[in-house]
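Everything on this sheet refers to the single structure shown next.
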Amino acid sequence: MKRSTTLVAALPLTLGVLAPAPAQAAETTLISTLISSVLSSTSVLLGTSSAMSGSVAGPAGRTVHLQVKVASGWRTLRSATTTSTGGYRLAAPSAWLGGHTLRVLAPQTSAAPTAVSASRWFAVRPTWSPAGSGSDWRPISSARPRFNPCRPITWRFNQNGGYAASLSDLKGAFRRLGNATGLTFVYAGTTTVAPRPGSYDSRAAITVGFNTPARVGSLGGSVAGQGGGSWWNHDGHAELIRGSLILDRTERLPAGFTSSGAATWGQVMQHEIGHTLGLGHATGSSQLMNGMLSSRNHRFGAGDLNGLRSIGLKAGCIPNSLRRV
């Protein structure tokens with residue numbers, strides 16, 4: 001078995017340009033007077049729970065929304081209803097790495113005006129020490145394509161040629177990418193489509209599966225996988241519409257994830273999902289998005305995490321998002 005595995009990024013095709021959308025209305029300024037708020041912990045390790053709690057003046061039973069500030073404005077993460085005394089408690093996004101500005105919003109009702117709490121800073125730290133330079137990342141294309149982070153991203157898997165734990169490892173890899181980006185991934189089931197560049201299952205955003213170098217020439221040599229996709233340019237964004245993740249079924253790699261030793265399938269899957277989401281290769285060998293996977297880059301490095309944030313929820317919603325058909 002090879003000590004390190006080379007990977008390549010598919011070169012996506014820019015499919016076209018749509019007419020620009022009408023200008024968006026300016027965000028309404030709200031007055032922070034009627035909601036108290038406090039975080040139980042303002043900085044936590046990934047997966048460690050924290051909550052925003054407080055009370056809302058006015059009638060009981062009001063709907064409240066926990067919101068996060070992203071590039072396109074405020075985005076609701078979850079909602080609750082106040083108690084008989086006006087209290088609320090909302091779980092903070094402790095599964096999403098990075099620093100986040102949070103607030104609580106109570107929409108206007110027939111008996112009470114709109115209210116918003118003061119903003120609170122909340123940080124989620126990795127359970128490991130990310131290596132390398134935070135600037136060591138690049139997009140897969142100068143167009144900087146990305147999926148719309150404000151819609152769930154569905155994926156389907158062709159299990160033909162896969163190893164016993166391949167679906168479990170894929171779910172783990174998508175979960176780790178979700179932790180780094182704030183994106184929501186939804187497993188939509190199996191597919192009979194054998195993924196290759198430009199070949200997708202139309203029922204999902206991302207098609208995943210195994211293939212061979214004989215059928216996909218770019219898998220030749222020591223290449224264990226390939227990821228990429230296609231996008232449309234519209235409204236000042238390059239919106240990814242389809243993605244594929246192709247794994248070389250002739251490779252013999254250990255299953256799962258680890259922090260040291262030889263390259264694993266879990267490591268390959270995370271790398272290729274990164275390409276499918278819009279990241280190119282990093283330069284440093286400590287970055288998981290480096291073109292050579294080895295014992296040095298089992299986990300996301302500092303550059304990986306910054307790159308993934310740039311294509312995740314923090315980048316904001318894409319307006320007039322296209323529908324896959």
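Residues Asn297 and Gln267 bring a donor and an acceptor atom of their side chains to less than 3.5 Å of each other. Donor-acceptor pairing under 3.5 Å is recorded for the side chains of Asn306 and Arg309. Looking at Ser36 and Ser55, their side chains do bring a donor and an acceptor atom within 3.5 Å of each other. With 3.5 Å as the limit, one finds no donor-acceptor pair spanning the side chains of Ser230 and Arg242.
The ring pair (Phe, Tyr, Trp, His ring centres under 6.0 Å) pairs that include a residue from residues 198-229 are Phe210-Trp265, where partners are two or more places apart or lie in different chains. The list of disulfide bond (SG atoms under 2.5 Å apart) pairs with a residue in residues 114-185, not counting sequence neighbours, reads Cys150-Cys317. The salt bridge (Lys or Arg N to Asp or Glu O under 4.0 Å) contacts involving residues 195-224 comprise Asp201-Arg203, where partners must be two or more places apart or lie in separate chains. The salt bridge (Lys or Arg N to Asp or Glu O under 4.0 Å) contacts involving residues 124-144 comprise nothing, where partners must be two or more places apart or lie in separate chains.
Ala112 meets the side-chain contact (heavy atoms from CB on, under 4.5 Å) test with Pro59, Arg62, Thr109; sequence neighbours excluded. Residues meeting the ring pair (Phe, Tyr, Trp, His ring centres under 6.0 Å) test with Phe122, sequence neighbours left out: none. Evaluation of the ring pair (Phe, Tyr, Trp, His ring centres under 6.0 Å) rule for Phe300 yields no partner, not counting sequence neighbours. Under the side-chain contact (heavy atoms from CB on, under 4.5 Å) criterion, Ser40 pairs with Ser50, Ala51, sequence neighbours left out. Checked against side-chain contact (heavy atoms from CB on, under 4.5 Å), Ser37 has the following partners two or more places apart in sequence or in another chain: Met52, Tyr88, Ser117, Arg120. For the side-chain contact (heavy atoms from CB on, under 4.5 Å) test, residues two or more places apart in sequence or in another chain that qualify with Val186 are Pro152, Thr154, Thr184. Listed by chain and number, the residues in a ring pair (Phe, Tyr, Trp, His ring centres under 6.0 Å) with His100 are Trp96 (sequence neighbours excluded). Among residues two or more places apart in sequence or in another chain, the ring pair (Phe, Tyr, Trp, His ring centres under 6.0 Å) test is passed with Trp155 by Phe174, Tyr187.
Judged by a 6.0 Å distance limit and a 45° cone about the ring axis, Arg176 is positioned over the six-membered ring of Phe257.
Side chain of Asp235 to backbone of His237: no donor-acceptor contact under 3.5 angstrom is found. Here the side chain of Gln287 pairs a donor or acceptor atom with the backbone of Ala131 at under 3.5 angstrom.
For His298 and His271, the ring centers are positioned 6.0 Å apart or more.
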